[in-house]
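Computed from heavy atoms alone, side chains included, the values below leave out hydrogens, waters and symmetry copies.
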Amino acid sequence: MEENKRKLMERYWDKLTSEELWDHVIDASIEIVLILLASWLAVKLGKKFIKKVFLIRMRSPLNHSERRQRTIARLLQSVISYVVYFSAIIGILSSLNIKVAGLLAGAGIVGLAIGFGAQSLVKDVITGFFIIFEDQFGVGDYIKINAAEGTVVEIGLRTTKINGATGEQFIIPNGAIGEVVNYSVNNSKIFIDLQMTTDADFGKAEAVINKYLETLPTLHKELITTPVFLGVQNVKGTEVTIRISAETLPQQQYGVARTIRRDVTKLFEENNIPMAYPKMMFYGKDEGRSE
């Protein structure tokens with residue numbers, strides 16, 4: 001028994017100290033290092049090349065969808081990482097004399113079995129492809145999906161990431177995306193309502209507003225056209241509501257609206273045009289009573 005054990009230990013020690021084994025270890029180590037280095041370099045150069053190509057396309061005067069180009073560029077960068085690193089893993093396994101063909105065949109059978117239980121994953125991937133290539137929305141767009149509303153920061157094959165206005169991030173499986181509201185495709189329109197008193201000089205107010213609105217396009221590049229004074233929209237008691245409409249670049253309407261409200265209020269004060277403000281009246285009981 002002791003003799004067999006001793007011979008077994010000697011056999012393993014001979015294998016462990018054999019020159020052939022260590023030659024293979026050194027060769028395999030060099031191959032693995034070279035594979036990892038080549039993979040890292042290929043991914044870096046590939047991403048840089050894709051970024052440069054799509055940057056040229058986005059600067060082209062014939063390009064009308066910069067956000068689409070940016071979205072596809074990020075997707076391709078992700079795909080090239082997956083492909084290169086998967087190939088690197090196959091190369092490393094081959095360097096270790098592991099039969100990759102057998103592993104792939106076994107993985108194919110296991111993958112087929114898992115696939116029946118991963119239908120949602122397949123749905124996510126297919127939906128992701130349609131979102132990107134149909135240009136439903138892109139990176140940088142301000143959109144609303146169900147309860148999630150914010151700016152798209154990433155569109156992957158499986159999930160879409162949206163940053164909300166208050167810092168939260170929504171991660172939505174592509175297969176769960178139903179109705180999408182995209183606020184970044186078309187120009188934005190805004191209606192600005194201001195209140196005046198019924199005894200105000202409406203002719204003077206209209207002239208002041210129109211003169212002011214004509215100066216805005218040269219001051220604000222966000223404006224598509226000159227804002228329009230629409231006139232009186234509502235009369236309630238001693239208050240009259242006047243309305244101004246404006247068309248801006250996507251998602252630029254809020255800043256323009258704030259500027260118009262501030263400037264018109266200041267112009268009304270300078271031209272002695274009374275604006276309507278909320279009033280509070282107090283009623284007191286008579287102190288004197290007849291007995």
Side-chain angles (χ1 to χ4, degrees), residues 61 64-67 137-138 140-145 147-153 162-168 170 179-290:
H64 299 290
S65 183
E66 179 178 340
R67 61 190 183 82
F137 55 84
D141 285 1
Y142 190 90
I143 67 173
K144 181 178 181 181
I145 301 175
E149 181 174 348
T151 303
V152 179
V153 293
I162 300 174
N163 281 349
T166 55
E168 68 276 15
F170 302 94
E179 181 178 344
V180 180
V181 180
N182 193 334
Y183 297 97
S184 300
V185 176
N186 300 318
N187 295 330
S188 300
K189 294 183 179 180
I190 190 73
F191 295 101
I192 304 139
D193 290 340
L194 299 165
Q195 282 69 41
M196 300 171 53
T197 59
T198 53
D199 58 350
D201 187 341
F202 294 103
K204 183 179 180 181
E206 182 177 358
V208 169
I209 291 175
N210 283 329
K211 184 178 179 181
Y212 161 71
L213 295 180
E214 290 175 358
T215 65
L216 290 180
T218 57
L219 300 175
H220 299 278
K221 296 181 181 179
E222 303 92 341
L223 285 167
I224 302 300
T225 59
T226 302
V228 178
F229 176 68
L230 300 177
V232 177
Q233 296 299 307
N234 187 30
V235 178
K236 185 177 181 181
T238 60
E239 295 183 1
V240 177
T241 301
I242 59 175
R243 175 170 292 181
I244 299 170
S245 69
E247 183 178 359
T248 70
L249 295 173
Q251 292 299 297
Q252 300 298 316
Q253 72 273 27
Y254 303 110
V256 172
R258 287 192 292 268
T259 300
I260 292 176
R261 287 193 183 96
R262 180 198 65 195
D263 293 347
V264 171
T265 301
K266 185 178 180 181
L267 286 172
F268 277 14
E269 291 177 356
E270 293 174 351
N271 289 273
N272 297 320
I273 300 173
M275 298 188 68
Y277 297 100
K279 296 180 180 179
M280 184 176 295
M281 300 184 67
F282 295 92
Y283 297 91
K285 295 182 178 180
D286 295 336
E287 294 182 0
R289 291 184 179 179
S290 59

What I'd like to find out is whether the side chain of I242 reaches to under 4.5 Å of the side chain of I209, using heavy atoms alone. yes
Is there a side-chain contact between T238 and T197 (heavy atoms, below 4.5 Å)? no
**Request:** Can you establish whether the number of heavy atoms outside E179 located under 6.0 Å from its atom CD is more than 12?
**Result:** no
Of all heavy-atom pairs linking M196 and I273, the shortest is CE-CG2, 3.9 Å
Separation between CZ (F268) and CG (L194), nearest 0.5 Å, reads 6.5 Å
So CD1 of I260 and CG of L213: to nearest 0.5 Å the spacing works out to 6.0 Å
Answer with yes or no whether the side chains of E168 and T166 bring together a donor and an acceptor at under 3.5 Å. yes
For residues 186-193, please give each side-chain donor-acceptor pair under 3.5 Å, one per line with the distance, not counting sequence neighbours.
| unit_1 | atom_1 | unit_2 | atom_2 | d |
| --- | --- | --- | --- | --- |
| N187 | ND2 | E247 | OE2 | 3.3 |
| S188 | OG | Q251 | N | 3.0 |
| S188 | OG | Q253 | OE1 | 3.2 |
| D193 | OD1 | R243 | NE | 2.8 |
| D193 | OD2 | R243 | NH2 | 3.1 |

Rounded to the nearest 0.5 angstrom, the CG-OG1 distance for L216 and T218 is 7.5 Å
Taking every heavy atom of T215 against every heavy atom of L219, the minimum-distance pair comes out as O-CG, 3.4 Å
Separation between CZ (F137) and CD1 (I143), nearest 0.5 Å, reads 4.5 Å
In terms of heavy-atom contacts, F170 and A148 come closest through CG-CB, 3.5 Å
Interatomic distance, CG@N271 vs NZ@K204, rounded to 0.5 Å, equals 5.0 Å
Do any side-chain atoms of residues 224-236 form donor-acceptor pairs under 3.5 angstrom with protein atoms, and if so which ones, sequence neighbours left out?
none

Q. Does the side chain of K266 come within less than 4.5 Å of D263's, by heavy atoms?
A. no
- Item | Heavy-atom side-chain proximity of F202 to E206 below 4.5 angstrom | no
Heavy atoms of K221 and L249 approach each other most closely as O-CD1, 4.0 Å
